[in-house]
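Hydrogens, waters and symmetry mates are skipped; everything else that's a heavy atom, side chains included, is used.
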Amino acid sequence: MTCQEVSDKLIDRLENEGKSRRHIDGTRNRLDRFNAEYGDRMAADISTDIIDDFLTGLGVAPKTMTNYRLALSGLFSHAVRMKAAPANPAAESMRPKVLKKEPGILKPKQVAALLAAADDRTLPALAISFFTGIRRAEIEKMDWSHIDFDEGMLEVKAPIAKKERRRFVDMSENLKQWLLPHAQHEGAVVQSPQIHRAGQERAREAAGREEWPDNAGRHSFASYHLAQHQDAGKTAFMLGHPNP
């Protein structure tokens, strides 16, 4: 079987297993780039040297290279399972070192300025991010019906959660005050990811933030929540992590 044929079979398997759309699309996109060069080659003929050459030639950051390596490892594990290859050539391929950066957080005054500068379509998702730590990808799929003001809880349903585990997140009193003027009975909290991210950029510029740390809302919430409560388990639960 060719690499393209094995890739098609793998994507079918992921679909049948009910993997998340994000996982399937990410895997497909990475394999498509590999198959653009090697799709017509027999899976059994792909060596570790070929995998290394492909990864090196990507010209991407170590973290992104690692994601490609994982996708290829999944591809050739499936090839071995289907007896289309004798071994997984990605298993011994290069492992780029990923340097972890210290999480970037905003100070309270900076968060206040950001929220004050946000428009009505952008503010709810920003407030949820900074006051609950819910992941951006989860917020972008959240519905107003998932927010219970009476109980003071936000529900992250299994289909939108990163690990597909349903969880409930406490809603602080200040978050309620930010959300109530915009509350709806139902409907998407974020009109579209593109519109939301453009709104974030405008708010950042209006608030005078020249830099925007990665995952600023989630990291800020986690840092302040842990400092306030001194309870790693509680913070981990709020963030959707099974391990403190």
Side-chain angles (χ1 to χ4, degrees), residues 18-26 103-106 108-207 209 212-226 228-229 234-242:
K19 299 297 185 183
S20 71
R21 177 51 50 191
R22 181 179 181 182
H23 174 68
I24 293 172
D25 289 344
I105 68 173
L106 300 188
K109 287 184 179 180
Q110 293 170 330
V111 177
L114 184 69
L115 294 177
D119 59 38
D120 289 346
R121 291 189 300 184
T122 307
L123 189 146
L126 274 179
I128 291 172
S129 177
F130 278 99
F131 296 128
T132 68
I134 294 175
R135 297 178 180 89
R136 184 179 67 184
E138 295 171 338
I139 296 173
E140 289 175 349
K141 298 176 183 177
M142 185 172 287
D143 193 276
W144 281 102
S145 61
H146 303 165
I147 303 174
D148 190 330
F149 288 92
D150 293 331
E151 296 294 332
M153 303 286 284
L154 293 88
E155 181 182 5
V156 182
K157 291 185 173 293
I160 70 174
K162 182 176 181 180
K163 298 296 184 181
E164 299 184 348
R165 296 191 185 98
R166 180 189 187 207
R167 72 182 189 278
F168 291 90
V169 179
D170 292 333
M171 181 162 46
S172 60
E173 288 301 319
N174 57 343
L175 177 56
K176 286 183 183 180
Q177 297 306 313
W178 281 108
L179 293 182
L180 279 171
H182 309 276
Q184 303 174 29
H185 291 296
E186 59 183 15
V189 173
V190 173
Q191 186 172 352
S192 79
Q194 294 77 17
I195 291 175
H196 176 59
R197 291 170 194 178
Q200 277 188 325
E201 184 69 16
R202 291 193 298 271
R204 180 188 65 79
E205 292 175 355
R209 284 291 300 174
W212 180 271
D214 290 338
N215 290 319
R218 184 169 171 82
H219 289 162
S220 297
F221 170 81
S223 299
Y224 291 122
H225 188 274
L226 182 59
Q228 180 182 11
H229 296 284
K234 183 174 183 178
T235 301
F237 178 80
M238 292 281 284
L239 294 170
H241 286 306

- Message: Evaluate M153 against V169 for side-chain contact (heavy atoms from CB on, under 4.5 Å), listing each step before the verdict.
- Response: CA-CA 6 Å; M153 303 286 284; V169 179; over 6 Å; no

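- Of all heavy-atom pairs between D119 and G199, the closest is OD2-CA, 4.5 Å.
- Contacts of D143 classified as salt bridge (Lys or Arg N to Asp or Glu O under 4.0 Å), with partners at least two apart in sequence or in another chain: none.
- Taking CD from E140 and CD1 from I134, the interatomic distance works out to 12.5 Å, rounded to the nearest 0.5 Å.
- A search for salt bridge (Lys or Arg N to Asp or Glu O under 4.0 Å) contacts involving K176 returns E173, not counting sequence neighbours.
- Partner E138 forms a salt bridge (Lys or Arg N to Asp or Glu O under 4.0 Å) with one of R167, K157, R166 and no other, that one being R167.
- Between L126 and W178 the shortest side-chain heavy-atom distance does not fall below 4.5 Å.
- Nearest heavy atoms, F221 versus T132: CE2-O, 3.2 Å.
- Proximity of H146 to K141: side-chain heavy atoms (C-beta onward) are nowhere separated by under 4.5 Å.
- Between the NZ atom in K234 and the CG atom in L226 there is a gap of 11.5 Å [rounded to 0.5 Å].
- Although no hydrogens or angles enter the test, the distance criterion places a donor-acceptor pair under 3.5 Å between the side chain of S223 and the main chain of H219.
- In this structure, W144 and A183 approach most closely via the heavy-atom pair CZ3-CA, 3.7 Å.
- Between A222 and T235 the shortest heavy-atom distance is O-CG2, 4.0 Å.
- A donor-acceptor pair is defined here as one N or O able to donate and one able to accept, closer than 3.5 Å; no such pair exists between the side chain of S220 and the backbone of F130.
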- Step by step, would you call R135 with R218 a side-chain contact (heavy atoms from CB on, under 4.5 Å)? CA-CA 7 Å; R135 297 178 180 89; R218 184 169 171 82; 3.4 Å; yes

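- Between R204 atom CZ and L114 atom CG the span is 9.5 Å, to the nearest 0.5 Å.
- Look at R202 and E205 and you find no salt bridge, because none of the NZ, NE, NH1 or NH2 atoms lies under 4.0 Å from a carboxylate O.
- The side-chain heavy atoms of F168 and L154, taken from C-beta on, include no pair separated by under 4.5 Å.
- The CG atom of N215 lies 8.0 Å from the OG atom of S129; values are rounded to the nearest 0.5 Å.
- Considering every non-hydrogen atom in both I139 and V190, the closest pair reads O-CG2, 3.9 Å.
- Here the shortest heavy-atom pairing between H196 and T122 reads CE1-O, 3.7 Å.
- Within the 4.5 Å cutoff, the side chain of E155 has no heavy atoms near those of the D148 side chain.
- In this structure, L179 and H182 have side chains that are not in contact, with every pair of non-hydrogen atoms separated by 4.5 Å or more.
- Separation of atoms OG (S192) and CD (Q194) is listed at 4.5 Å; rounding is to 0.5 Å.
- Side-chain atoms of L115 and F131, non-hydrogen and from C-beta on, do get closer than 4.5 Å to each other.
- In E151, the CD atom is not crowded: 12 or fewer heavy atoms of neighbouring residues, nucleotides or ligands sit closer than 6.0 Å.
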